[in-house]
Amino acid sequence: MIALPYDYFLIAWFVLAAGSTAYVAFDQFNGNPEPTVMKWGFILVTLYMGPFGLLLYVLADKEPRPGEHEHFTSPLWKQGVGSTIHCVAGDATGIILAATVTALLGLPMWIDLIVEYIAGFSFGLFIFQSLFMKKMMGGTYWENVRKSFMPEFISMNAMMAGMAPTMSLLMMGRDMRAMDPLEFVFWGVMSLGVMVGFTTAYPFNVWMVKKKIKHGLMTERPEPPGQQRDMSGMKSETGQMSDDQMSHMEGHGGQQKAKKSGEREVSHGGGHQMGGDATTPQLAALACVTSFLLISGMVIPGFSVNLGLSARDVDGSIMPPGMINTFDLPGEAMKDMAAVKPRQVAYVAAPDARGDKVLAPRIENGVKVFDIKAEIIRWNILPDVAVEAYAYNHEFDVGQSGTYFYHSHDHPDRQQALGLYGALLIAPKDPSAEVKADLDYTIQLQEWLKREWLTYPAMLMEGALPNYFTINGKAYPSTDTVAMKVGQTIKLRFIGTNNNFVHPMHVHGGPFEVVAVDGVNLKESARYQADTVNVGPGQRYDVVWTARKPGKWLVHCHIPHHTANNNVEQHGGGGLMLVLNVQ
Ligand SMILES: [Cu+2]
């Protein structure tokens with residue numbers, strides 16, 4: 001789903017990654033002289049790391065000119081790249097498969113992480129190391145599993161120590177679409193996680209290659225015609241080693257120094273590897289330290305995000321920027337505060353459409369029935385600002401005696417905040433009980449949070465404070481202008497259909513008389529003059545104002561932030577403001 005600007009960036013990234021992967025695959029199988037397992041290693045890692053995988057391939061592994069692969073790949077840093085590629089290709093594949101499956105199953109994030117670790121380690125050890133490398137290393141499958149275990153354990157710990165916090169913090173952060181494998185951002189997070197994991201695993205791999213307990217890069221050339229393929233299939237494996245590395249070669253029987261001419265070298269199986277120069281205390285210390293890094297990488301994000309939630313709990317929610325996320329924030333709270341999903345819009349209102357339509361009832365057994373249907377619509381609060389709003393019958397007004405309103409009681413902090421309310425104006429049976437005025441105008445107040453491209457329910461909560469304010473769904477200068485003549489009276493019905501704020505509503509051009517509060521008419525003796533009423537959430541005030549002099553008289557909220565549109569004034573104001581134009 002495209003919802004935020006970076007979704008376009010991610011699409012561009014995936015195109016780059018696909019192009020990079022296609023190039024590496026083509027080049028590997030068109031003559032880069034190395035074992036098939038390493039060809040696939042580079043292809044998979046380029047798929048995950050895009051142009052960065054391609055860069056590693058051309059800088060460290062791609063044979064620059066015929067016959068030079070052995071020499072070209074000999075520096076230790078390149079051998080370290082090869083070793084890390086091999087680890088990441090196996091481990092990351094296992095991790096990504098596990099992440100996809102656990103997300104689709106709706107398992108909580110902390111279980112995801114453990115399953116990912118087990119899957120990554122298993123895939124790397126049992127398949128990528130032991131199975132695919134058996135041909136090169138010689139020996140039985142289980143011998144290979146045993147020999148590969150410790151280097152794979154160290155490398156996997158280091159990689160997951162980088163990948164786990166990247167995934168946790170980004171997936172459980174603001175944009176929780178990242179928990180959903182059907183969203184671009186999930187795959188973006190996976191890509192970034194692999195890159196971070198590659199970086200954290202690299203230094204450990206360099207050390208292990210140097211100590212000859214892990215493979216670096218190898219060269220494998222096709223057999224020349226007529227020569228028997230008598231060896232393990234791995235050619236010139238010693239070609240990977242530079243001269244200074246050769247000084248460490250004592251004790252590795254069966255290995256020979258590579259000839260620079262590209263003349264093929266063969267080594268006898270197994271002699272090059274495992275057991276190397278590393279001592280048991282060194283390996284034990286590395287195993288301990290990488291285990292500590294791994295556990296830290298899994299646990300520390302849990303201090304700031306809720307790892308107990310699953311992809312289903314958060315339902316792809318995008319949280320308002322600046323919202324405070326905590327390790328105990330429930331998924332229900334997140335969904336209430338989340339942006340309205342643009343793809344759920346069922347109706348797009350015309351930019352100049354007005355709400356507050358009087359709803360015509362149908363009569364059923366002598367009872368008036370009002371049909372209201374709630375849905376999500378796109379609604380312009382200003383000509384250039386549209387919000388995704390919840391609306392009844394695309395949004396309107398109906399009419400006990402007095403001024404009331406109806407609103408949603410299902411998740412009201414979300415549904416009412418996003419528009420599920422309407423005025424209920426009820427005429428008394430005895431018309432003489434009505435406080436009369438020449439004109440009647442209803443003012444429903446609302447707050448909105450529109451950031452970037454998304455609409456959030458505004459709340460008195462960190463990160464959820466409103467930046468747009470509307471009267472009957474429109475912000476000034478798109479609010480109504482009411483035409484009056486000097487001497488006329490108007491009944492203004494203020495309704496606190498808003499959820500969070502008290503709006504001190506003020507009328508210019510002389511005081512008004514407060515004639516009804518919360519739907520009940522005041523006795524004549526109780527009516528009073530004022531020029532401002534504090535309209536809190538749910539409150540109603542009916543006031544009668546007399547047009548005394550010609551002019552454009554403002555009705556507005558007295559809180560300056562509420563008479564601006566995203567903190568900007570247009571035509572001298574914004575938000576909760578409308579004009580009484582008296583001639
Ligand atoms: Cu206000």
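One distance of note links NZ of Lys450 with CG of Leu382; it measures 11.0 Å at 0.5 Å rounding. Remark: Trp553 CH2 to Leu580 CG distance equals 10.5 Å, nearest 0.5 Å. The CD1 atom of Ile559 lies 10.0 Å from the CE atom of Met505; values are rounded to the nearest 0.5 Å. Atom CE of Met160 is separated from atom OG1 of Thr166 by 10.0 Å, given to the nearest 0.5 angstrom. The CG atom of Leu113 lies 4.0 Å from the OG atom of Ser168; values are rounded to the nearest 0.5 Å. In this structure, the separation between CZ on Phe494 and CZ on Phe512 is 6.0 Å, given to the nearest 0.5 Å.
Residues Met190 and Ala99 come closest through the heavy atom pair CE-CB, 3.3 Å. Closest approach of Met577 to Ile471, counting heavy atoms only: N-CD1, 3.5 Å. Glu183 approaches Arg343 most closely through the heavy-atom pair OE2-NH2, 3.1 Å. Residues Asn581 and Lys552 come closest through the heavy atom pair OD1-CG, 3.7 Å. Summarising the geometry of Met337 relative to Tyr456, their closest heavy-atom pair is O-CD2, 3.6 Å, with the distance given to 0.1 Å. Closest heavy-atom contact between Phe469 and His503: CD2-CE1, 4.3 Å.
Ring-plane geometry between Trp453 and Tyr8 is classed as perpendicular, the angle between the planes exceeding 60 degrees on a 0 to 90 degree scale with a lower cut at 30. Taking the six-membered ring where the residue is Trp, Phe501 and His562 present perpendicular rings, their angle passing 60° and hence far from 30°.
Between the Asp480 side chain and the Val482 main chain, no donor and acceptor come within less than 3.5 Å of each other. Remark: the backbone N or O of Gly509 is paired with a side-chain donor or acceptor of Arg548 at under 3.5 angstrom. In this structure, Thr100 contributes its side chain and Pro181 its backbone to no donor-acceptor pair below 3.5 Å.
Here the two rings, on His571 and Tyr476, have centers that are 6.0 Å apart or farther.
A cation-pi geometry, defined here as NZ or CZ lying under 6.0 Å from the six-membered ring centre and within 45° of its normal, holds between Lys474 and Trp379.
Annotation: Gln529, atom CD; neighbour count of heavy atoms from other residues, nucleotides and ligands within 6.0 Å is above 12. The number of heavy atoms from other shown groups lying within 6.0 Å of OH (Tyr117) is above 12. In Trp13, the CH2 atom is crowded: over 12 heavy atoms of neighbouring residues, nucleotides or ligands sit closer than 6.0 Å.
The pair Arg174-Glu452 meets the salt-bridge criterion, since a charged nitrogen lies less than 4.0 angstrom from a carboxylate oxygen. Salt bridge status for Arg312 with Asp180: absent, with no side-chain N to carboxylate O gap under 4.0 Å. Ion pairing between Asp440 and Arg493 holds under the 4.0 Å rule for side-chain N and carboxylate O. Contact check on Arg177 versus Asp7 returns a salt bridge, with a Lys/Arg side-chain nitrogen under 4.0 Å from an Asp/Glu carboxylate oxygen.
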